[in-house]
*Asks:* 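Pasting a structure below so you can have a look.
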Amino acid sequence: MTLLKMYGNFQKDTPEERNLRFGVREHGMGAICNGIAHHSPGLIPYCATFFVFTDYMRAAIRMSALSQAGVIYVMTHDSIGLGEDGPTHQPIEHLASLRAMPNVFMLRPADGNETAGAYKVAILNRNTPSIIALSRQKLTQLPGTSIKGVEKGGYIISDNSSGNNPDIILIGTGSELEIAAKAADELRKAGKAVRVVSLVSWELFDNQSDAYKESVLPSGVSARVSIEAGSTFGWEKIVGSKGKAIGIDRFGASAPAGRLYKEFGLTPEAVVAAAKELC
Amino acid sequence: MGPPNPPTTVFDFPPPLSPVSSSLPHAPVESFPRALTGVSEFLAIDAVEKANSGHPGLPMGCAPMGHVLYDEIMRYNRKNPYWFNRDRFVLSAGHGCMLQYALLHLAGYDSVQEDDLKNFRQWRSRTPGHPENFETPGVEVTTGPLGQGIANAVGYAILGDGCQMEGVANEACSLARHWGLGKLIAFYDDNHISIDGDTEIAFTENVEEHFKGRGWHVIWIKIGNTGYDEIRAAIKEGKGVKDKPTLIKVTNNANLYNVYGSALVAMEVDATRKNLAWPHEPFHVPKDVKRYWSRLV
């Protein structure tokens, strides 16, 4: 449960408390949060459910975006990583479809640092809703991640290249950033100059200066591999026509998460193999 | 792993095996109801335990109504899950699917064998974590996101507190009454539990009054765990009401183990076995119970 631990439940007799228990009412929850956000600038609402159930409240999310309400959507269980609950609960097209919605920050942090960064972005942006996709599974703290990096939407977490000309760029988000990092280790052992990029939020990255974007994803480097546990729809924009996007373009399945990652080819080996074809 | 092919002709009458109907004589359920419902309860507990994942609460609480439906009331052909004239059952609270898998198994469907129960929630199994019609013949629709199933449902359905809260359920139930869907009989599992915990937290409305206000026919069974006769009588009454849908509210006040969506810890499973005096091994269906179900052939 994504509750504020230091507060109790807001109920009829305890209106001073801060956790509103919406029950299984996602659309109502989103719309109510819009009301709270618009009531006065001092109120910052967040709401939480499984990422797949953004489908149940999409109309309210759209209204947050359209009416410029800075609602914070904390969406957990964000991929096949949730495992056995199966395809009815595993998001596939959700990241792509929410990235397509105007005036939304779709953030997918990879670890504690990045989650703190995502939260900071969400709080500071009062006229744009933020959707923060979080995993069900525990994730390790990755070297190189930072709050500042998240604020730029996309940044380099590790790089053994020079002259802004790596042999290959690996791009990951959320739970798959670690997979990209492991693949980078392998490729560097084989002598490659590898840059690993965390692309937490496409919209934030887009908003940066051209110079910054060029310093992260130089146009001269077409050897790019991305990995994300979701639809590859839209990734061609990032990896280019010569790059390779690794993802899932089918519905998921009911099985333990580790098995699913293997069966769907979301592994460091797959990233290494794709990279070797390009550099 | 694509969907199975639907029957090639519309009039797909079953082979000589006669379908189940309520006019068939049955062995006196009163003599060993516990033994019967206990089997499906424990198949559910064992499957969830083995998978270390799943929701044992609903299968335990809804076993009596599930049994009366599959054992005595519903018309179906276990050898032809697509039989044209079958009764349709939808588990709107899809996370409780071990109940349905256990019943399909006991009823003799080929789609759920003992191995399928043991492979609950595993890669490529026919018993995924939420029911999928394209994976498991005998399952009519795919449910999981709450409220969808009751909206899909015609015939019999089980829905819970979570489903009731969802807007889509309200939309569909409103239309069901408007259209006079007398053949829709929905069981409401009133167990005071949802994913948030006790429904005191977020769901305190008077469901019967709500449905009555909509114009549904409403029956309330207060002792769901053991009220087999009441369940039978309620279904009979519901079937008699031809011009409106029926809601049968079944109050299960014995959520003894505060279970919703996690496997009972191994110790608790053993304790449950002792508490309910269940002497059998995991996944074991006693011979007399097998014989009992095979009378339907």
Side-chain angles (χ1 to χ4, degrees), chain A residues 1-3 8-14 17 19-32 47-60 76-77 80 82-91 94 136-137 250-264, chain B residues 1-2 47-48 50-55 93-95 97 119-136 141-149 159-171 193-205 261-263:
Chain A
M1 195 88 50
T2 322
L3 297 171
N9 289 337
F10 172 96
Q11 299 284 7
K12 220 179 341 159
D13 302 322
T14 51
E17 294 294 354
N19 289 305
L20 281 76
R21 305 302 297 270
F22 291 104
V24 189
R25 303 182 178 95
E26 297 83 2
H27 194 183
M29 173 170 79
I32 289 169
C47 60
T49 181
F50 292 3
F51 190 37
V52 72
F53 298 134
T54 47
D55 287 341
Y56 270 71
M57 62 180 172
R58 195 178 172 95
T76 63
H77 295 64
I80 52 159
L82 62 85
E84 293 92 334
D85 267 352
T88 52
H89 286 57
Q90 291 161 354
H94 301 67
R136 175 191 187 214
Q137 66 274 34
R250 47 156 285 174
F251 289 118
S254 172
R259 187 67 190 267
L260 291 174
Y261 269 82
K262 240 182 63 197
E263 297 286 347
F264 290 140
Chain B
M1 215 161 53
V48 170
K50 176 149 198 297
N52 196 23
S53 172
H55 308 74
H95 54 279
C97 54
N119 279 329
F120 178 56
R121 296 188 153 221
Q122 300 310 304
W123 178 249
R124 287 195 184 271
S125 80
R126 292 195 291 196
T127 48
H130 291 80
E132 296 167 18
N133 55 300
F134 51 92
E135 275 307 335
T136 317
V141 294
T142 294
T143 55
L146 297 175
Q148 299 289 331
L159 78 163
D161 294 300
C163 293
Q164 303 260 4
M165 289 191 249
E166 282 291 5
V168 56
N170 283 283
E171 293 172 16
I193 287 280
S194 77
I195 192 171
D196 287 340
D198 196 307
T199 49
E200 267 310 297
I201 296 175
F203 186 61
T204 51
E205 57 209 56
S262 43

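Letters A, B, ... mirror the listed sequences (proteins, then strands); counts begin at 1. Both backbone and side-chain heavy atoms feed into the values below; hydrogens, waters and symmetry mates do not.
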*Asks:* Where do W123(B) and A253(A) come nearest, in terms of heavy atoms and distance?
*Replies:* CZ3-CB, 3.9 Å

*Asks:* Could you check which of R259(A), Q11(A), R25(A) has the highest count of heavy-atom pairs closer than 4.5 Å to chain B?
*Replies:* R25(A)

*Asks:* With a 4.5 angstrom heavy-atom cut-off, which part of Q164(B) approaches chain A: side chain, backbone, both or neither?
*Replies:* neither

*Asks:* Within this structure, what is the NE2-CG distance for the pair H95(B) and D85(A), rounded to the nearest 0.5 Å?
*Replies:* 10.0 Å

*Asks:* Measure up the H89(A) and H130(B) rings against each other and bin them: parallel (under 30°), tilted (30 to 60°), perpendicular (over 60°).
*Replies:* parallel

*Asks:* Heavy atoms, side chains only, cut-off 4.5 Å: are H27(A) and E166(B) in contact?
*Replies:* no

*Asks:* Under the side chain to side chain contact (heavy atoms under 4.5 Å, CB included) rule, collect the residues that match up with T143(B), sequence neighbours excluded.
*Replies:* V90(B), P131(B), V141(B)

*Asks:* How close do T88(A) and P145(B) get, heavy atom to heavy atom, and via which atoms?
*Replies:* CB-CD, 3.8 Å

*Asks:* With rounding to the nearest 0.5 Å, note down the distance linking CD1 in I195(B) to CZ in F50(A).
*Replies:* 4.0 Å

*Asks:* Look up atom CG in L146(B) and atom CD in E26(A), then write down how far apart they are to the nearest 0.5 Å.
*Replies:* 8.0 Å

*Asks:* Does the side-chain contact (heavy atoms from CB on, under 4.5 Å) test come out yes or no for V168(B) and Y56(A), once each step is laid out?
*Replies:* CA-CA 9 Å; V168(B) 56; Y56(A) 270 71; 4.2 Å; yes

*Asks:* In this structure, are over 12 heavy atoms from other groups packed under 6.0 Å from E200(B) atom CD?
*Replies:* no

*Asks:* Which heavy atom of F22(A) sits nearest to which heavy atom of A202(B), and what is that distance?
*Replies:* C-CB, 4.2 Å

*Asks:* Verify, without hydrogens or angle tests, whether S254(A) (side chain) and P128(B) (backbone) share a donor-acceptor contact under 3.5 angstrom.
*Replies:* no

*Asks:* Would you say the side-chain atoms of Q122(B) pair up with the backbone N or O of P256(A), donor to acceptor, closer than 3.5 Å?
*Replies:* no

